[in-house]
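Letters A, B, ... mirror the listed sequences (proteins, then strands); counts begin at 1.
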There are 2 protein chains.
Amino acid sequence: MSRQTTQNKILDAAERLFAERGFADTSLRLITSEADVNLASVNYHFGSKKALIKAVLARYLEQFMPRLSNALDELLAAEQQPTLHQVFDSFVEPMLALNNFRSSGTNIFMQLLGRGYSDSQGHLRWFLTTQYGDVLTKITAAVKRANPELSPGEFFWRMHFTLGTVVFTLASNEALRDIARSEFNENLDVEGLVRRLVPFLAAGVGAPVAANSLNDGVSK
Amino acid sequence: MSRQTTQNKILDAAERLFAERGFADTSLRLITSEADVNLASVNYHFGSKKALIKAVLARYLEQFMPRLSNALDELLAAEQQPTLHQVFDSFVEPMLALNNFRSSGTNIFMQLLGRGYSDSQGHLRWFLTTQYGDVLTKITAAVKRANPELSPGEFFWRMHFTLGTVVFTLASNEALRDIARSEFNENLDVEGLVRRLVPFLAAGVGAPVAANSLNDGVSK
DNA sequence: TTCTAATTCAAACAGGTGTTTCAAATCTAT
DNA sequence: ATAGATTTGAAACACCTGTTTGAATTAGAA
């Protein structure tokens, strides 16, 4: 028989609770009781709560990041200039592939991403900058190629606007989909949500720079 | 002499710390020590920490909401159809006016808004739905008038994408502006930031609906 | 001034947190 | 089967949280 190891029981319970309630609001006692293991086993197997959070995130990022990296490589290798729509589309397949990795994997990862970025401890930020900096570079390269007209300052801000849209939507996607379902029979699955995000982001990043915006602040 | 009352010393310290660190990560002991008042005075004057959070938010919302409401009224009273740019622009003046109310008022309110919406307790949500529901109605009315083509489902999601962009940007605006300043001399003030948001949001909400998005989920 | 109500203060309370301890149980290889 | 390492378990630890208490102080009105 394929017994679940204690480590995996902890990881499975933790990822679900972290996604639902955030990192800070999920106590080790809650995790271990839901995982049906002893409280001390978290510190025995992972060392600390911080390390557990990182382990939960790592399990997904190891699946997601190489796929995203490959998709961006393809886009950057192509002869012709990609559209912004194409750039953002390259996130979709890696995202959806997580459902083959674990059930509800896409949804859980989306919520974890949202929690991870909002979190003041910045666990996710640590991963992105120290482990996956190359992917970040590819993302900015692809966006710049799709929309080369933006000034560096304009580009910086639009990337962060994009990040904000994504993170917020991902973090609250389940709650929002519930509302949409009950309010006007809009029965959207995770894929539908992600596909709705793409045109919004592409249009936002591609928006014409406001001509009448005084004080646009670019001093260099 | 105009002595600061204990209540105001608490409110001032609390709003700064809440904006910086979020509600949950700010303890009453930290607030009262920075405000130089006794720990028990928070519960004496406000009743509880939750009530203090609401009091902090209320002080700003009472300034902001009537102005926003008026701006939207003007837009809705006009003969001709407003542009999305105009709709989002009507948030700008009420936002900036907060600097006349308190020093750095705009910035602190922006961060509080971000914290308040991300917060799992949903203090801000309580205000918006129970106290300022009429303003919410006006916002959706204005957006719908500026872009009547959107289906209800499409409209719902784009409003929430917008909200996400705004909330995330507001919550982290100070950190992001620091980065922008050091990375490429982009010395943007709060007004500049808000004015950069408007074209992004207007373009996103006004984006053409993706024709090739299968499963768009509208079942009604 | 005197009396009463409002406020401040130090201390304790009750409950929750992540982490550590060390004996008991379990597994693993000899 | 037995010895040794790994893993589990119940309990305690040290610390932090929001809240309450009741006495000391201050303020305001008669």
Side-chain angles (χ1 to χ4, degrees), chain A residues 1-59 112 115-116 118-124 126, chain B residues 1-59 112 115-116 118-124 126:
Chain A
M1 64 166 280
S2 66
R3 188 177 69 83
Q4 269 274 66
T5 68
T6 301
Q7 289 205 33
N8 281 332
K9 286 203 282 185
I10 293 172
L11 284 173
D12 293 353
E15 73 171 28
R16 185 173 48 79
L17 292 166
F18 284 156
E20 274 173 18
R21 321 158 37 99
F23 302 122
D25 282 353
T26 305
S27 69
L28 293 184
R29 281 169 179 78
L30 181 58
I31 294 172
T32 53
S33 83
E34 300 246 335
D36 203 37
V37 299
N38 188 271
L39 166 63
S41 56
V42 170
N43 285 280
Y44 177 76
H45 285 289
F46 296 95
S48 68
K49 184 182 181 182
K50 276 176 91 160
L52 172 63
I53 296 173
K54 282 191 181 179
V56 167
L57 290 174
R59 219 165 44 145
L112 285 177
R115 300 288 186 189
S118 315
D119 178 54
S120 55
Q121 302 273 66
H123 294 110
L124 182 60
W126 177 87
Chain B
M1 62 170 284
S2 67
R3 189 178 67 84
Q4 269 274 69
T5 68
T6 300
Q7 290 207 33
N8 280 331
K9 286 203 280 182
I10 292 173
L11 283 173
D12 292 352
E15 72 169 29
R16 185 170 49 78
L17 292 166
F18 285 156
E20 276 172 19
R21 319 158 39 102
F23 302 122
D25 282 353
T26 304
S27 69
L28 293 184
R29 282 170 178 78
L30 181 58
I31 294 171
T32 52
S33 81
E34 299 246 336
D36 202 37
V37 300
N38 187 270
L39 166 64
S41 55
V42 170
N43 285 282
Y44 177 76
H45 286 287
F46 296 94
S48 67
K49 185 183 180 182
K50 277 176 90 160
L52 172 61
I53 295 173
K54 282 190 180 177
V56 167
L57 289 174
R59 225 172 29 153
L112 286 177
R115 301 287 184 190
S118 315
D119 179 54
S120 56
Q121 303 272 63
H123 293 110
L124 183 57
W126 176 87

Could you state the atom-to-atom distance from CD of Q4(B) to C1' of dT8(C) in whole Å?
-> 17 Å
With L17(A), which residues qualify under side chain to side chain contact (heavy atoms under 4.5 Å, CB included), at least two apart?
-> E20(A), R21(A), T26(A), L30(A), I31(A), E34(A)
In residues 16-38 of chain B, what residues come within less than 4.0 Å of DNA chain C, judged by heavy atoms?
-> R29(B), N38(B)
Atom NZ of K49(A) and atom P of dT20(C): how far apart are they, to the nearest Å?
-> 15 Å
When rounded to the nearest 0.5 Å, the distance separating NZ of K9(A) from OG1 of T32(A) is 11.0 Å
To the nearest 0.5 angstrom, please state how far the CD1 atom of I53(A) sits from the CG atom of L124(A).
-> 11.5 Å
Results of side-chain hydrogen bond (donor to acceptor under 3.5 Å, both in side chains) for D25(A) - residues two or more places apart only | S120(B)
Between CD of Q7(B) and P of dT8(C) the distance, given in whole Å, is 9 Å
Given side-chain contact (heavy atoms from CB on, under 4.5 Å), test Q7(A) with F46(A) step by step and report yes or no.
-> CA-CA 8 Å; Q7(A) 289 205 33; F46(A) 296 95; 4.2 Å; yes
The side chain to side chain contact (heavy atoms under 4.5 Å, CB included) partners of A40(B) (sequence neighbours excluded) come to N38(B)
Which residues share a side chain to side chain contact (heavy atoms under 4.5 Å, CB included) with A19(B), sequence neighbours left out = I108(B), Q111(B), L112(B)
Evaluation steps, side-chain contact (heavy atoms from CB on, under 4.5 Å), between F18(A) and R115(A) = CA-CA 8 Å; F18(A) 284 156; R115(A) 300 288 186 189; over 6 Å; no
Within residues 39-46 of chain B: residues closer than 4.0 Å to DNA chain C (heavy atoms) = A40(B), Y44(B), H45(B)
Rounded to whole angstrom units, what separation is found between the CG atom of L52(B) and the P atom of dT17(D)?
-> 15 Å
